[in-house]
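Down below is the structure, laid out as structure tokens.
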Amino acid sequence: MTSSDGSNGEPRQEAGPGLRLLAVTACPTGIAHTYMAAEKLTQAAEARGVSMKVETQGSIGSENVLTDNDINEADGVIIAADKDVDRERFAGKRLLVVGVAEGISDPDGLIDRVGDAPVHGGAATAGSGSGVRDSGGAETAAPGKKPRGRGTTYKALMNGVSYMIPFVVVGGLLIAISLALGGSPQADGGLVIPDGSFWKHVNDIGTIGFTLMVPILSGYIAYAIGDRPALVPGMIGGWIANTGELYDSESGAGFIGAIVTGFLAGYLVQWIKKVRVPKFAQPIMPIIVIPILASSALGLFFIYVIGRPISWVFEHLTSWLGGMTGTGAALLGIILGLMITFDMGGPVNKTAFLFGAGLVSKNPEVMGMCAAAIPVPPLGQGIATLLRRRYFTAQERETGYAALFMGFFGITEGAIPFAAARPARVIPANMLGGAAAGAVAGLASVAGNVPHGGPIVALLGAVDGVAMFFVAIAVGTAVTALATAALLSVGRNEAAREAEADVPEAAVLAGAVAVPVGAGGSTAAPEAAVAAPEKAPGQAPEQTPEVLSGYLTRGSVREWLGSDEKEAAVREMAGLLAGTGKVADVDELVRVALAREEQGTTGLGDEIAVPHAKTDAVTAPVVGFARSAEGIEWGAPDGTKARLVFMISVPEAAAGDEHLRVLARLSRKLIDADYRQRLLAAEGEDALLEILAEIR
């Protein structure tokens, strides 16, 4: 039924039987909170006879997606999210936007409040970034709060880079292959592919991919700020930035111009959205009016105002780089080598790489310096595992072989597991080697003709000065390997040394690994491992139920925690996971898990906490479970203390969809109050495992 008029003159719809509501839930990690909020809202709606359909936007993608018919028939929409959610499709509907925590803690209140929510004005007010954010990161209409511009800027830039990288890889490798297999050497040392040949067509495809990377970068920066209406002006702006002929320049502004146009397009679209328009015009704003206005305004502004100055700087930088020889080239090589090897695929690395890639056609020597430095971290760390095997775990030694393979193909990220485990030692060693490789390549005028690196590029014939290119890589690899070995020998982790010395003999005989679990670096072997019962000869091993696709095992279950404080509990849970043999660095696992807690509590309410970490401190996905008798203060939205604690960790490379689906199943199962009560009441690990096995 309806009551007095609400905002915009629309009648208020009472939250009773017959009401049709929609909801969208999402959290930054897209794991537990997303599904917990969805289940809470669904349960609250069912209890009140309200029709509710909830779309979840998790890390595995959107599920239960709302259709146009759903939206047309809805009386109101609730967005419970701590990340940007597209709102334009809800134009003309009452829209309540809150943080995901409120979806968990107060679903009934949200159902009551949506009847008083303002009617969403479509493109005039829609889109991510158009409002302000609450403490949980969700956009709200609350006054007096300011947007977190710095976070938005960084996320937008990284969004553009992530979408651009596949174009760089595909375009660069296709160009490299076509030049290697179809190119004819020229007197000047370059390679030319005959027109009309098969390899010329392959090269053309690669060139298209490489050309698209600039508008893709710009477009998806804009998209992260202004949503879908900003995508078109962002891409058009990026294309204009990269096409110098449009503003009488011999050279376009390249990726620097694309970054400028991406941010301009995003914030321009945001501004246009705030302009109030008649209701009849709202549906066409995001698909016609905004893209046309923003594209035209941005394109003309770039051409007449900022395009020429940016291209002027770029052209003079190109000329300056072209004139650098001897010591100047070595200095440039050192700088590029340091940047390439600093964060191995992060923003500093990408900046140096794109700088070299943008000068491939005019100054291939710059790309040669980058190409020599790119494989140094994985090759150097791989060699280090061979030189000083006792400094590395068995898993790290195996990873070393993989790193050697990745380094050969120019994949700098192969060294990330080593850097994550020992950043203070590995990253400086990587940078020393990168600087050495870049300097040698610069002094020798090694030229890289394609935007890629590693020995594979030379074998494909895309490098001029092959011999010195390999010398540069060899020198850089040797420097990194030796520096790594030296730093590890001087500064080995004292806590790890103590742990090795203090392992109880019984634990060693039982196959357990003692790990530091306390602030003082003391060690404790997981009880289940130490007290593993002996089996009589011929007796079949006890069958352990498979829980969460096998990620949770008997060895990662503890009946009761001994800690009553969150940080100590995280350390104790990390020690429990270490008993599975899947944790290479307990201290790093604890650090990452606590850093995740600083971003937002993993206390879900209903006496549940799900601390989680994505880190190469673990060698395979692993889940642990333990209970707290008195409960631990975890900052849950409903104020309850955590008595059921699941700790989840997965290596960076293994965080795939299947793992995320398991996390979603865990969250959904824990919604069941009866299931939670049975977990709390179970006596003994066998009983716990039997109940946990219901999570499939």
Side-chain angles (χ1 to χ4, degrees), residues 157-158 161-162 164-165 168-169 172-173 176 213 254-256 317 321 324 329-360 363-383 403-404 406-420 423 426-458 462-463 468-481 483-484:
L157 181 59
M158 290 301 100
V161 170
S162 66
M164 177 198 62
I165 293 305
V168 177
V169 173
L173 288 180
M213 76 170 185
F255 80 95
I256 296 177
L317 179 60
L321 290 171
M324 290 185 69
L331 177 60
L332 178 62
I334 290 172
I335 294 172
L336 292 175
L338 290 171
M339 295 176 67
I340 286 287
T341 54
F342 171 65
D343 54 0
M344 295 157 288
V348 176
N349 169 283
K350 290 297 184 293
T351 299
F353 175 78
L354 289 174
F355 179 71
L359 297 171
V360 164
N363 294 89
E365 291 82 5
V366 177
M367 191 63 225
M369 302 171 196
C370 296
I374 283 171
V376 165
L379 292 178
Q381 295 304 320
I383 295 296
L404 290 171
M406 286 187 276
F408 178 81
F409 286 96
I411 303 174
T412 315
E413 290 81 354
I416 287 178
F418 302 97
V426 171
I427 291 177
N430 287 344
M431 294 175 68
L432 286 173
V440 173
L443 286 171
S445 298
V446 172
N449 297 312
V450 295
H452 202 67
I456 186 64
V457 176
V463 170
M468 290 306 299
F469 179 68
F470 279 111
V471 169
I473 292 176
V475 169
T477 298
V479 169
T480 289
T484 299

inquiry  = How long is the straight-line distance from CG of L379 back to OG1 of T480, given to the nearest 0.5 Å?
reply    = 9.0 Å

task = Measure the CG-CG distance between L331 and L336 for me, rounded to the nearest 0.5 Å.
result = 9.5 Å

Candidate pair I383 and L404, rule side-chain contact (heavy atoms from CB on, under 4.5 Å), full reasoning = CA-CA 8 Å; I383 295 296; L404 290 171; 4.1 Å; yes

task = Over all heavy atoms of both residues, which pair between G433 and V376 is shortest? Give the atoms and the distance, please.
result = C-CG1, 3.7 Å

query = Do P455 and I473 come close enough that some side-chain heavy atom pair is under 4.5 Å?
reply = yes

ask   = Considering only heavy atoms from C-beta outward, does the side chain of N449 approach that of V463 to under 4.5 Å?
value = no

query = Where do G407 and P378 come nearest, in terms of heavy atoms and distance?
reply = CA-CG, 3.5 Å

note = So CD of E365 and SG of C370: to nearest 0.5 Å the spacing works out to 12.0 Å

request  = Flag the pair P364 / M367 as yes when at least one side-chain heavy-atom distance between them is below 4.5 Å, and no otherwise.
outcome  = no

ask   = Which atom names give the shortest non-hydrogen contact between A441 and G368, and what distance separates them?
value = CB-O, 3.9 Å

A436 versus V475, closest heavy-atom pair with distance = CB-CG1, 4.1 Å

Considering all heavy atoms, the nearest F342-I427 contact = O-CG2, 3.7 Å

query = Which residue pairs pass the side chain to side chain donor-acceptor pair (under 3.5 Å) test with at least one member in residues 369-382, sequence neighbours excluded?
reply = Q381-N430, Q381-T484

task = With sequence neighbours left out, write down each residue that passes side chain to side chain contact (heavy atoms under 4.5 Å, CB included) with A373, or none if nothing qualifies.
result = I340

message = Does any part of the side chain of M468, heavy atoms only, come nearer than 4.5 Å to the side chain of V440, both counted from C-beta?
response = yes

